[in-house]
Asks: 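One structure, as structure tokens, below. Some questions next.
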Amino acid sequence: MRIATWNVNSIKARFPTVQEVLQNIDCDVVCLQELKCETDAFPYMELEEAGWNCAVLGQKSYNGVALLSKYPLEDVTKGLSTMEDDQARFIEALVMAETPFRVGGLYLPNGNPAPGPKFDYKLEWMACLLDHARERLKAEEPYVLCGDYNTIPTAVDCWDETKWADDALALPETREAFRRIKNLGMTDAFEITDGRAHQYTFWDYQGGAFQKDHGIRIDHLLVSPQAADRLQSVEIYRKARSLDKPSDHVPVIGVFED
DNA sequence: ATGGCCGTACATTACGGA
């Protein structure tokens, strides 16, 4: 079972690239973020023709999340169970593989500038995600909570810690909120299968950041104990960043024993 | 310094992103 998360930064602006990458990474489940399209405008037909079952929570202009699955999806929920949110940032479903996996796809708020109302919203969102994860863990099932966390977990997850010191992605409050979710018993899949420093999932469009490898690791898969038991490896599909008109994020793939 | 982001929208600039 291969489960990917990928912030596509507009599905319409790069749909041919998205289709090509989906084919190449050969996953069973893909969580997409930053669709930047309304639910009705999602390219259901093309993706269904390629064998995907789709669950979508879209929004005009900004945000928007989707779940793609080669297996049937059941128990689809849109939005966090623990919060009223007018932004399309969370979708979850039960993936009916031989061993069912529950998969949540999230697009956590950026939070800049900090301090300020946007940072407050980010921290509120993370607190609600914590409550949601706590409830989900009670089921003791394979559970994967993946997406763009807009969180640089530690100093070695960015190319230059000093450049991010005052940024909402790296502030102590953000890192603490992320750790709290891990402390519930959700494991960072990359950390336990790879764990190398300076492995990135995002590179800014500006200043030749990708060529200089000036990136940050902000796309994560957090997994329940039952999913961690099956976890074999994590792949960061860097190649997606070198294509024409790329997203600024690349797919991160968790590989699980079936 | 010989270069210097991207996508969206009530668009020709403002905004959100990270």
Side-chain angles (χ1 to χ4, degrees), chain A residues 5-19 21 31-43 56-66 85-90 105-126 129 146-175 177-178 190 198-220 236 238 240-252:
Chain A
T5 177
W6 188 23
N7 178 323
V8 292
N9 185 17
S10 170
I11 192 152
K12 278 194 246 176
R14 64 189 98 265
F15 191 55
T17 304
V18 168
Q19 287 174 301
V21 168
C31 299
L32 300 177
Q33 301 92 35
E34 270 207 277
L35 303 175
K36 294 186 173 179
C37 77
E38 292 179 281
T39 304
D40 292 344
F42 188 81
V56 181
L57 178 60
Q59 181 181 333
K60 191 174 187 176
S61 309
Y62 305 115
N63 308 316
V65 287
D85 193 357
D86 58 5
Q87 301 190 21
R89 295 183 175 277
F90 189 80
L106 65 94
Y107 176 43
L108 212 144
N110 172 304
N112 282 305
K118 292 189 173 181
F119 191 57
D120 294 342
Y121 171 60
K122 177 176 197 162
L123 294 180
E124 182 197 356
W125 210 95
M126 294 183 89
L129 181 63
C146 60
D148 175 359
Y149 280 75
N150 270 315
T151 299
I152 301 168
T154 72
V156 300
D157 296 310
C158 59
W159 65 279
D160 184 352
E161 172 75 347
T162 63
K163 296 279 196 298
W164 296 91
D166 301 321
D167 194 282
L169 280 65
L171 280 170
E173 297 97 312
T174 303
R175 288 180 171 168
F178 185 72
F190 175 83
H198 305 295
Q199 300 299 304
Y200 308 130
T201 66
F202 168 94
W203 297 260
D204 200 282
Y205 288 123
Q206 299 185 64
F210 183 61
Q211 288 68 25
K212 297 181 212 164
D213 201 24
H214 288 179
I216 53 181
R217 188 171 75 90
I218 57 174
D219 300 274
H220 310 293
I236 300 176
R238 279 178 66 105
R241 190 63 178 79
S242 55
L243 302 174
D244 279 343
K245 299 266 289 175
S247 169
D248 38 11
H249 298 248
V250 298
V252 182

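So you know, we letter chains A, B, ... as the sequences are listed, proteins then strands, and number each from 1. Atom set for the values below is all heavy atoms of this structure, side chains included, hydrogens, waters and symmetry mates excluded.
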Asks: Would you classify A:K122 as touching base, sugar-phosphate or nothing, given that sugar-phosphate means primed atoms plus P, OP1 and OP2, and contacts are heavy atoms under 4.0 Å?
Replies: nothing

Asks: Counting only heavy atoms and a strict 4.0 angstrom limit, can you tell me which residues of residues 146-156 of chain A come near DNA chain B?
Replies: A:D148, A:N150

Asks: Is it the case that the side chains of A:N9 and A:S247 hold a donor-acceptor pair, with the cut-off being a distance below 3.5 Å and no angle test?
Replies: no

Asks: So what does A:R217 touch, heavy atoms closer than 4.0 Å: a base, only the sugar-phosphate, or nothing?
Replies: nothing

Asks: If each of A:N9 and A:F202 is mapped to the nucleotide of DNA chain B with the nearest heavy atom, which maps nearer the 5' terminus, i.e. the 5' end?
Replies: A:N9

Asks: With a non-hydrogen cut-off below 4.0 angstrom, is A:H214 in contact with a base, only sugar-phosphate, or nothing?
Replies: nothing

Asks: Check the pair A:N110, A:Y121 against side chain to side chain donor-acceptor pair (under 3.5 Å), reporting the backbone distance first and the verdict last.
Replies: CA-CA 9 Å; A:N110 172 304; A:Y121 171 60; over 6 Å; no

Asks: Applying side-chain contact (heavy atoms from CB on, under 4.5 Å) to A:M126 and A:T174, what does each step give before you reach the verdict?
Replies: CA-CA 8 Å; A:M126 294 183 89; A:T174 303; 4.2 Å; yes

Asks: So, do A:W6 and A:C31 sit near enough that their side-chain heavy atoms are less than 4.5 Å apart?
Replies: no

Asks: Are any side-chain N or O atoms of A:T201 and backbone N or O atoms of A:I218, one a donor and one an acceptor, separated by less than 3.5 Å?
Replies: yes

Asks: Does any N or O in the side chain of A:R14 come within less than 3.5 Å of the main-chain N or O of A:K245, such that one atom is a donor and the other an acceptor?
Replies: yes

Asks: Could you measure between the two P atoms, the one in B:dG3 and the one in B:dG7, and give it in whole Å?
Replies: 23 Å

Asks: Pick the nucleotide of DNA chain B nearest each of A:N63 and A:G208; which residue has the one closer to the 5' end?
Replies: A:G208

Asks: Expressed in whole Å, how much space separates the P atoms belonging to B:dA11 and B:dC15?
Replies: 14 Å

Asks: Would you measure the distance from the C1' atom in B:dT2 across to the matching atom in B:dC6 and give it in whole Å?
Replies: 25 Å

Asks: Angle between ring planes, A:W159 versus A:H214, binned at 30° and 60°: parallel, tilted or perpendicular?
Replies: parallel

Asks: Could you tell me how far B:dG16 sits from B:dC10 if I compare only their P atoms? Round to whole Å.
Replies: 14 Å

Asks: Do A:W125 and A:Q87 make a side-chain contact, defined as non-hydrogen atoms from C-beta onward lying under 4.5 Å apart?
Replies: no

Asks: Taking the same atom, C1', in B:dA18 and in B:dC5, what whole-Å distance lies between them?
Replies: 12 Å

Asks: Need two values: the first and the last nucleotide of DNA chain B, 5' to 3', having an atom under 4.0 Å from any heavy-atom of chain A.
Replies: B:dC5 to B:dA18

Asks: For A:D148 and A:F202, what are the C-alpha separation, side-chain angles and deciding distance, and is it a side-chain contact (heavy atoms from CB on, under 4.5 Å)?
Replies: CA-CA 10 Å; A:D148 175 359; A:F202 168 94; over 6 Å; no

